[in-house]
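Scroll down for the structure; my scribbles are underneath it.
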Amino acid sequence: MAAAAARSFGPEREAEPAKEARVVGSEFVDTYTVYIIQVTDGSHEWTVKHRYSDFHDLHEKLVAERKIDKNLLPPKKIIGKNSRSLVEKREKDLEVYLQTLLAAFPGVAPRVLAHFLHFQFYEINGITAALAEELFEKGEQLLGAGEVFAIRPLQLYAVTEQLSQGKPTCASGDAKTDLGHILDFTCRLKYLKVSGTEGPFGTSNIQEQLLPFDLSIFKSLHQVEISHCDAKHIQGLVTSKPTLATMSVRFSATSMKEVLVPEASEFDEWEPEGTALEGTVTAVIPTWQALTTLDLSHNSISKIDESVKLIPKIEFLDLSHNGVLVVDNLQHLYNLVHLDLSYNKLSSLEGIHTKLGNIKTLNLAGNLLESLIGLHKLYSLLNLDLSNNRIEQMEEIRSIGSLPCLEHVTLLNNPVSIIPDYRTKVLAQFGERASEVCLDNTATTEKELDTVEVLKAIQKAKDVKSKLTNPEKKVGEDSRLLAAPCARPSGSPLTAAPTSASLPQPILSNQGILGDE
C-alpha cells in the first residue's frame, strides 16, 4: 500500500487507471432499499450507499446539465419495488448506469456525479477541487483570524499529486476550484495542523499514515503540528526552517533524524551550518534557526541523536512517551530550559549535569530510576517530576536536597513515598529551604515545618555525636554544596506546582476544511 501511495514521487508516472463503480450488494432500511457501491480508483477503494431516489435525482441533473440519454437509468417500479428479484436486477442495471457515466467522463467527472460517488472525500481531483473552493470562499477569513488550519494527509497527498501531474490548475473549468486558491493560501498560512488516522480512512482502504506528501507549498509557517503520519514520507518540511518557531510531530517518527535532518541519509558525514569543519564533511546543513519549541512525544524514538545540533535555539523539548535509554547530545542545546523525558526507559542519570547545564524544568516521571545521582549539580533547576519511578531509599533525596533553586518536587508513586512520615522526611533533606519547597503539588504546612525542625534537631545531635566518635569524618552539612539561595521577589507566595512539568502545549483549533466522514 505504501509503495502504491508513493508512486507520484517517482520520476515516471503511469497512466491513470480508469475509475470503476460496482454495485456489490444492497440492504433494506426502514421501507426502502439502499444500494452499496464500491468505487475503485487505482489502488484506492471506498464504499458509497444510495437509495434509488438518489440515483433518480442524479440522473435528472445530468440530463439537464450534460444532456445525457434520459433513458439510461432503469425506470421506477411502484409495485414490488423491494422484491428480491427486482433488487437483484436493479443492482446490475445501476452498475451498468454508473460505469457508462464514468466512461462518458473519463477526465474530470461532473460535479454532481463526483459528489454522488464521494470524490470530494477520496479522489484526487475531487479532493483538491473541494479544498480549493472552500479556500476561495473562506481563505481570507481563516488567514485573518490567525487560527490553526487543520488538514488531512489525504488532502495534502492529493495536492501533491495534482502538482506533480503538470496539468492545468483548473481542469473542471470552474474558477472556484482552481488549484491556485490552495497555493495562495498555503503561501501565507502561519499555523498548520496535519492529523491522520490510525486505520483506514472513512469507508475506504486508504491508510492515511502511509501517504506521501510535500509541505514545501507552505512558505510562512510559524507553528506546525503533525500526528499519525509516517515521517519518512513527509517531504518539504525543512523548507520552513527560516520561519518555524514551534513544531510538534507525534505518533509519526522512529528517530529524531527523520524529522530534523531527513537528508542525512544521503551523506556520510554532515555538520550544521556555522560550525568549524573538521575532517571529511560531505554536507553542511542549515539549522532550524527560528525553532524554540519541539514536541516529539509519543513516537518510537530510542536515541537522542546528533541531529539536535541543528536546533541550537530550542528552549522547550518534549521527548516523553518514547523509548529513550540514555540522555545524550543535549549539551549542544545551550538555550534548553524545559525538558520532558517522562515515560521513557531511563535507568541512570549519571553525568546528566554535563548535558543540562541551564535546565529549569525537568520531567523524569515514568522511567526506571532507582538512583538520583547526577541531579546534584543542576543548580538552575526549579521544577522536578520524579513520580512513577523506582526510588526506594530516602538517602537518594539528598542528591536534590542541596539544589539552591528547586521549588517543586514530585515523588508520588515511588516506593519511598509509602515510608511513614514520608513528606516530613523528604522536606528535612532540604534543610533551611524546607519552607520553600512544594512537594507532590502540595504546599508545605506549618505543622510539617515544625516536624522538620524536630527532625533537623535530632539529625544535628546525631552529627555531633558522630563527629565526636569519628572526628575526621565529614558528615551532615559539611558534605553539602555551599550555594547561595536563589533570589525570590519579596512577598512572592509559594504556589503549588502544575500537575505535570511537561512542555506548554500550543493552543490548537479543531477547525478544518475536511472533517471525518
Side-chain angles (χ1 to χ4, degrees), residues 2 6 9 148 151 153 156-157 160 191-196 198 208-218 221-267 270-273 283-325 327-330 332-333 335-336 338-341 343-344 502-503 505-506 508:
F9 285 105
V148 175
I151 192 169
L156 288 170
Y157 166 73
T160 302
Y191 309 104
L192 175 67
K193 180 178 181 179
V194 185
S195 299
E198 292 190 56
E208 278 196 302
Q209 70 273 27
L210 300 179
L211 293 176
F213 55 83
D214 194 335
L215 293 175
S216 61
I217 58 175
F218 297 91
L221 288 180
H222 289 188
Q223 174 181 304
V224 64
E225 179 184 2
I226 299 171
S227 65
H228 294 101
C229 301
D230 190 336
K232 292 187 289 293
H233 292 151
I234 302 174
Q235 296 189 4
L237 181 58
V238 294
T239 60
S240 293
K241 282 184 178 181
T243 59
L244 198 62
T246 300
M247 176 163 61
S248 172
V249 180
R250 304 164 76 236
F251 301 102
S252 303
T254 58
S255 73
M256 297 182 73
K257 282 184 179 180
E258 288 177 358
V259 178
L260 298 175
V261 56
E263 63 268 47
S265 59
E266 302 174 16
F267 308 109
W270 60 269
E271 286 293 338
E273 189 176 48
V284 176
I285 297 178
T287 62
W288 296 80
Q289 54 195 272
L291 196 64
T292 59
T293 300
L294 177 61
D295 180 356
L296 293 177
S297 63
H298 295 275
N299 284 297
S300 300
I301 297 170
S302 59
K303 179 182 179 182
I304 304 175
D305 58 46
E306 63 272 20
S307 63
V308 297
K309 295 178 182 178
L310 295 172
I311 51 173
K313 295 186 178 179
I314 282 293
E315 298 174 12
F316 298 82
L317 177 60
D318 189 346
L319 288 168
S320 63
H321 297 274
N322 277 286
V324 176
L325 298 168
V327 180
D328 205 3
N329 285 309
L330 295 181
H332 301 292
L333 305 183
N335 298 297
L336 183 64
H338 300 273
L339 175 63
D340 192 340
L341 285 170
Y343 299 94
N344 277 278
S502 302
L503 302 183
Q505 296 298 316
L508 297 174

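Computed from a predicted structure; not experimentally measured. Values below: every heavy atom of this structure, side chains too, minus hydrogens, waters and symmetry copies.
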Original post:
Run the side chain to side chain contact (heavy atoms under 4.5 Å, CB included) check on H321 and R250 step by step: do they pass?
Top reply: CA-CA 10 Å; H321 297 274; R250 304 164 76 236; over 6 Å; no
Original post:
Under the side chain to side chain contact (heavy atoms under 4.5 Å, CB included) criterion, do S297 and D340 qualify, and how do the steps go?
Top reply: CA-CA 9 Å; S297 63; D340 192 340; over 6 Å; no
**OP:** Give the intermediate values and the outcome of side chain to side chain contact (heavy atoms under 4.5 Å, CB included) for residues I226 and I234.
**Re:** CA-CA 10 Å; I226 299 171; I234 302 174; 4.0 Å; yes
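Between A290 and P242, the closest heavy-atom pair is CB-O, 3.7 Å. Nearest heavy atom pair, residue L192 against residue V148, reads C-CG1, 4.1 Å. Minimum interatomic distance between V284 and E273 (heavy atoms only, all atoms of both residues): CG1-CA, 3.6 Å. In terms of heavy atoms, A231 sits closest to V259 at CB-CG2, 4.4 Å. Considering every non-hydrogen atom in both F213 and P153, the closest pair reads CE2-CB, 4.0 Å. Considering every non-hydrogen atom in both D214 and T160, the closest pair reads N-OG1, 3.1 Å.
To the nearest 0.5 Å, atom CG of residue L156 and atom SG of residue C229 are 8.0 Å apart. A distance of 6.0 Å separates CG in L260 from CG in L294, rounded to the nearest 0.5 Å. Taking CG of L296 as the start and OG of S252 as the end, the distance is 9.5 Å to the nearest 0.5 Å. Rounding to the nearest 0.5 Å gives a distance of 7.5 Å between OG of S227 and CZ of F251. Taking CG from L330 and CG from L341, the interatomic distance works out to 7.0 Å, rounded to the nearest 0.5 Å. The CG atom of L221 lies 7.5 Å from the CG atom of L215; values are rounded to the nearest 0.5 Å.
Every residue meeting the side chain to side chain contact (heavy atoms under 4.5 Å, CB included) condition with T287, not counting sequence neighbours, appears here in chain and number order: P272, Q289, L310, P312. Residues satisfying the salt bridge (Lys or Arg N to Asp or Glu O under 4.0 Å) criterion with K232, sequence neighbours excluded, are D230, E258. Looking at residues two or more places apart in sequence or on another chain, you find a side chain to side chain contact (heavy atoms under 4.5 Å, CB included) between E263 and V238, K241, V261, E266, F267, I285.
Without hydrogens or angle criteria, D305 side chain to S307 main chain gives a donor-acceptor distance under 3.5 Å. Side chain of Q209 to backbone of E198: a donor-acceptor contact under 3.5 angstrom is found. Side-chain N or O atoms of N299 include one that pairs as donor or acceptor with a backbone N or O of A253 at under 3.5 Å. With hydrogens and angles ignored, the 3.5 Å screen pairs no side-chain donor or acceptor of W288 with any backbone N or O of L244. Counting only distance, with no hydrogens or angles, the side chain of N322 and the backbone of N344 share no donor-acceptor pair below 3.5 Å.
Using the six-membered ring where Trp is involved, H222 and Y191 have ring planes that are perpendicular, over 60° apart on the 30 and 60° scheme.
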